[in-house]
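The chains referred to below are lettered A, B, ... by the order of the sequence lines, with proteins before strands, and numbering in each begins at 1. The basis for the numbers below is simple: all heavy atoms, side chains too, and nothing from hydrogens, waters or symmetry mates.
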Amino acid sequence: MANEEKSLNFIEHIIEDDLKSGYSDEQLRFRFPPEPNGYLHIGHASSICLNFGLGERYKAPVNLRFDDTNPEKEEKEFVDAIKRDIEWLGFTWDQECYASDYFQQLYDWAIGLIKAGKAYVDSQSSEEMANQKGTPTEPGTDSPFRDRSVEENVSLFERMKNGEFEEGVHVLRAKIDMASPNMLMRDPILYRVLNKAHHRTNTDWCIYPMYDWAHGQGDYIEQVSHSLCTLEFLPHRELYDWCLDQLVSSKKLRPKQREFARRNLSHTVVSKRKLLQLVNDGVVAGWDDPRMPTISGLRRRGYTPESIRNFADTIGIAKRENLVDVSLLEFHAREHLNKIAPRVMAVLNPLKVVITNYPEGEEEWLDAENNPEDETAGSRKVPFSRTLYIEREDFREQANRKFFRLKLGGEVRLKNGYIIKAESCTKDTDGNIIEVQCTYDPKSKSGSGTEESLRKVKGTLHWVSVAHAIEAEVRIYDRLFTDENPDGHKDRDFMEFVNRDSLRIVTGFLEPSLREAKVGERFQFQRLGYFNVDNDSKPGNLVFNRTVTLRDTWAKIQQKN
RNA sequence: UGGCCUAUGGUGUAAUUGGCAACACUACUGGUUUUGGUCCAGUCAUUCUAGGUUCGAGUCCUAGUAGGCCAACCA
């Protein structure tokens, strides 16, 4: 009952209006229509969440329809990847459809169109047709083939279908209006000859329908009520409706196309063409490289489906240009990971600490809470000994009061362990600090309840015992582009803004409980960030990816100085 | 020079359809904290401009301005 009335986006307003003016709940049906020519990215995730979200909200089926009308670019590999990504996001489609399933029906409808005198076979080159097309400010001129007889058109189109012509010799065009202010209505091409094998229909067809002669029909066949697409298809709507006019029956539901603005993410690109270029140029290791804004890249980076769905929900959907800041995506990653990721200790830039008053050869196993945000997460044991690693940035010989970490003569709490005091340090011949000597207070053990253990010390450091630590490869990722809008510059190519330091690989020293970590498992390395186990991991040879850092107030303070 | 779309804080979306501009993020303050994390509290807007209608305009009208899309046998 306490369902707070969430405000509706403009698509939901349209649906609510339709429901008021006669649509029944059962008539609602949606679809997500990817072209299988690349991997899904974060922009698609928004569209997926919109369509499947609508399906959940209105308890309506959502089809997955592959828009596979162009055999030149489409492959089964992409079909499989797309299905995997949608499932991973947690959505279930009703029917799995393919535009290619409708090739015969589309062909029959095209024959009907020709017989109705509304389509003709044009036998000019693409250059000639382009010249006749006019410009946005000038009308086009009619093709010399525009008035071929129905018989000749039918015969030619059948011969196109039978493979009697080379590519480019003939096309089928709709006969609409060469003077339309909408360029798409100037006798658009409906079919072209393509002597290519299709990933599903193989060589059954030599002619393939264009997008405009397939999409609305697919919606109609599947009885999709609301066909949602991005803004660049807005001019296509007039043609979408024209095509539907030629074949709809009043007994069946007529789909409607509505358009929303695609989501752009800062510091990256969301264009399949540009992502493909990053892959082909070797800037990244593949479509699922953790730096890629693809769904598979985000998954490998350690993002959770929940965080991506929450992100999509909060940025919403509208009709204006936008550039969503990545910090919002990162917020959602942290928000979810904070709740579910077990805390562990790992040192990525080690500095040796020797506790001079801790007995040599001794070790003890300390209690460590797995997740302060989750009482059911339990606890584990971490080994403590005389020789430890701490983070190099956590020690300074001298520092002001703002520096809460270890400095000579100063005290600090070792997380889950003891309070230590830095007494001295040793350096190599270049002046680099190579070891810090400390003393510890044996009565200050965490959780022991003693007066000493309850002492307030400003800083708490993470650490690992050198003798017990396991080594692992840790991949530190940063933004792929240095510019917030890399493809938003008219005179500069987006590739100029590639961040050359987007990947740094280090050897980390991890607490031994991580030895059995499995691929895909996510952790918080305390005080450092969230990390997950990469697919490249081998038994005894773990690889971690940094998903995102923790919020870092200290880094901000330092930046200001 | 044509047609169409869009304009609300640094960012992204809202605004009961003409009635006190709200939510989230970011940034900045402060508090709590055995993670400089989390959590809690607070601060940040002449709704693109100029007119008009109205008791009242982010919302309606007019004129500008800015940005985007449209001339692939791509989707």
Side-chain angles (χ1 to χ4, degrees), chain A residues 5-9 13 33-35 37 67-70 72-74 99 122 125-126 129-131 133-140 167-168 170-173 180-184 186 189-194 208 210-212 214-215 229-238 259 261 263 266 272-273 311 313-332 334-335 338-339 343 345 369 372-373 402-405 413-417 419 446-447 453-462 484 524-529 549-557:
Chain A
E5 197 60 32
K6 197 173 169 283
S7 59
L8 305 180
N9 62 44
H13 279 297
E35 182 188 11
N37 68 342
D67 226 332
D68 57 350
T69 56
N70 185 353
E72 290 186 333
K73 302 192 292 184
E74 295 150 5
D122 200 337
S125 67
S126 56
M129 282 189 281
N131 290 335
K133 193 126 196 189
T135 69
T137 53
E138 304 157 37
E167 292 181 11
H170 302 291
V171 292
L172 184 73
R173 288 230 256 172
S180 170
N182 183 347
M183 300 289 291
L184 285 158
R186 322 246 260 226
I189 292 172
L190 266 23
Y191 271 94
R192 74 284 212 194
V193 172
L194 248 29
Y208 291 91
M210 299 287 286
Y211 167 86
D212 291 297
H215 203 92
C229 59
T230 46
L231 239 30
E232 67 264 29
F233 288 94
L234 203 153
H236 291 253
R237 187 149 121 195
E238 192 179 358
E259 310 80 15
R263 317 314 317 219
S266 78
K272 271 193 269 190
R273 206 205 91 231
F311 168 73
D313 284 347
T314 60
I315 62 177
I317 210 78
K319 291 177 81 166
R320 49 176 157 163
E321 294 291 307
N322 57 80
L323 184 62
V324 183
D325 202 294
V326 267
S327 64
L328 217 137
L329 216 210
E330 292 171 346
F331 163 79
H332 284 286
R334 293 189 186 108
E335 185 193 40
N338 177 49
K339 291 187 193 126
R343 272 59 169 171
M345 292 197 285
E369 196 180 14
E373 304 298 317
K402 293 257 214 163
F403 186 79
F404 301 162
R405 285 111 106 129
R413 158 79 62 186
L414 292 178
K415 180 76 184 171
N416 306 313
I419 294 172
S446 290
S453 74
L454 296 173
R455 272 176 56 212
K456 298 288 177 198
V457 184
K458 192 59 185 170
T460 301
L461 305 186
H462 63 276
E484 69 165 8
Q524 185 196 97
F525 289 3
Q526 280 189 119
R527 302 210 305 136
L528 295 176
T549 60
L550 257 28
R551 273 189 73 227
D552 193 348
T553 331
W554 173 239
K556 283 172 198 155
I557 294 168

Item to check | Of A:Ile315 and A:Leu328, the one whose closest RNA chain B nucleotide lies more 5' | outcome: A:Ile315
What pairs of nitrogen or oxygen atoms, one from the protein and one from nucleotides 5-7 of chain B, lie under 3.5 Å apart?
none

Next on the checklist: Looking at the base of B:U35, is there any donor atom on it, or on the side chain of A:Gln524, that sits under 3.5 Å from an acceptor on the other one?
Outcome noted: yes
Checklist entry - So what stems show up for RNA chain B if we need 3 or more Watson-Crick or G-U pairs in a row, all under 3.5 Å? => result B:2-7 with B:65-70, B:10-13 with B:22-25, B:27-31 with B:39-43, B:48-52 with B:60-64
Next on the checklist: Measuring only the C1' atom in each nucleotide, how far is B:G19 from B:A71? A whole number of Å is fine.
Outcome noted: 48 Å
Next on the checklist: Quick check: any donor-acceptor pair below 3.5 Å linking the side-chain of A:Thr460 to the base of B:U35?
Outcome noted: no
Item to check | Test side chain to side chain donor-acceptor pair (under 3.5 Å) applied to A:Glu321 - qualifying residues, sequence neighbours left out | outcome: none
Checklist entry - With sequence neighbours excluded, what pairs up with A:Phe525 under the ring-ring contact (aromatic ring centres under 6.0 Å, His included) test? => result A:Phe531, A:Phe544
Checklist entry - Would you say A:Arg527 reaches B:G36's phosphate, i.e. side-chain N/O to OP1/OP2 under 4.0 Å? => result yes
Checklist entry - Going 5' to 3' along nucleotides 70-75 of chain B, which nucleotides have protein heavy atoms under 4.0 Å from the base (write B), which only from the sugar-phosphate (write S), and which from neither (write -)? => result SB-BBB
Next on the checklist: Students often get this wrong, so: under 4.0 angstrom with heavy atoms, is A:Arg405 touching a base, only sugar-phosphate, or nothing?
Outcome noted: base
Next on the checklist: When you compare the side chains of A:Ser180 and A:Asn182, does any donor N or O come within less than 3.5 Å of an acceptor on the partner?
Outcome noted: no
Next on the checklist: Students often get this wrong, so: under 4.0 angstrom with heavy atoms, is A:Phe403 touching a base, only sugar-phosphate, or nothing?
Outcome noted: base
Next on the checklist: At less than 4.0 Å, is any side-chain N or O atom of A:His332 found next to OP1 or OP2 of B:U26? Yes or no.
Outcome noted: no
Item to check | Partners meeting side chain to side chain contact (heavy atoms under 4.5 Å, CB included) with A:Glu335 (sequence neighbours left out) | outcome: A:Asn310, A:Phe331, A:His332, A:Lys339
Next on the checklist: If the condition is side chain to side chain contact (heavy atoms under 4.5 Å, CB included), which residues does A:Asn322 pass it with, not counting sequence neighbours?
Outcome noted: A:Ala261, A:Arg263, A:Asn264, A:Val324
Item to check | For A:Met210, side chain to side chain contact (heavy atoms under 4.5 Å, CB included) partners two or more places apart | outcome: A:Ile189, A:Arg192
Checklist entry - Who pairs with A:Glu259 by side chain to side chain donor-acceptor pair (under 3.5 Å), at least two apart in sequence or on another chain? => result A:Arg237, A:Gln257
Checklist entry - Got a sec, which residues hit ring-ring contact (aromatic ring centres under 6.0 Å, His included) with A:His236, two or more places apart in sequence or on another chain? => result A:Tyr211, A:Phe233
Item to check | Contacts of A:Glu373 that satisfy side chain to side chain contact (heavy atoms under 4.5 Å, CB included) - sequence neighbours left out | outcome: A:Asn338, A:Arg343, A:Asn371
Checklist entry - Sequence neighbours excluded, which residues qualify as side chain to side chain donor-acceptor pair (under 3.5 Å) partners of A:Arg413? => result A:Ser446
Checklist entry - Is there a donor N/O on one and an acceptor N/O on the other, under 3.5 Å, for the side chain of A:Arg413 and the base of B:U34? => result yes
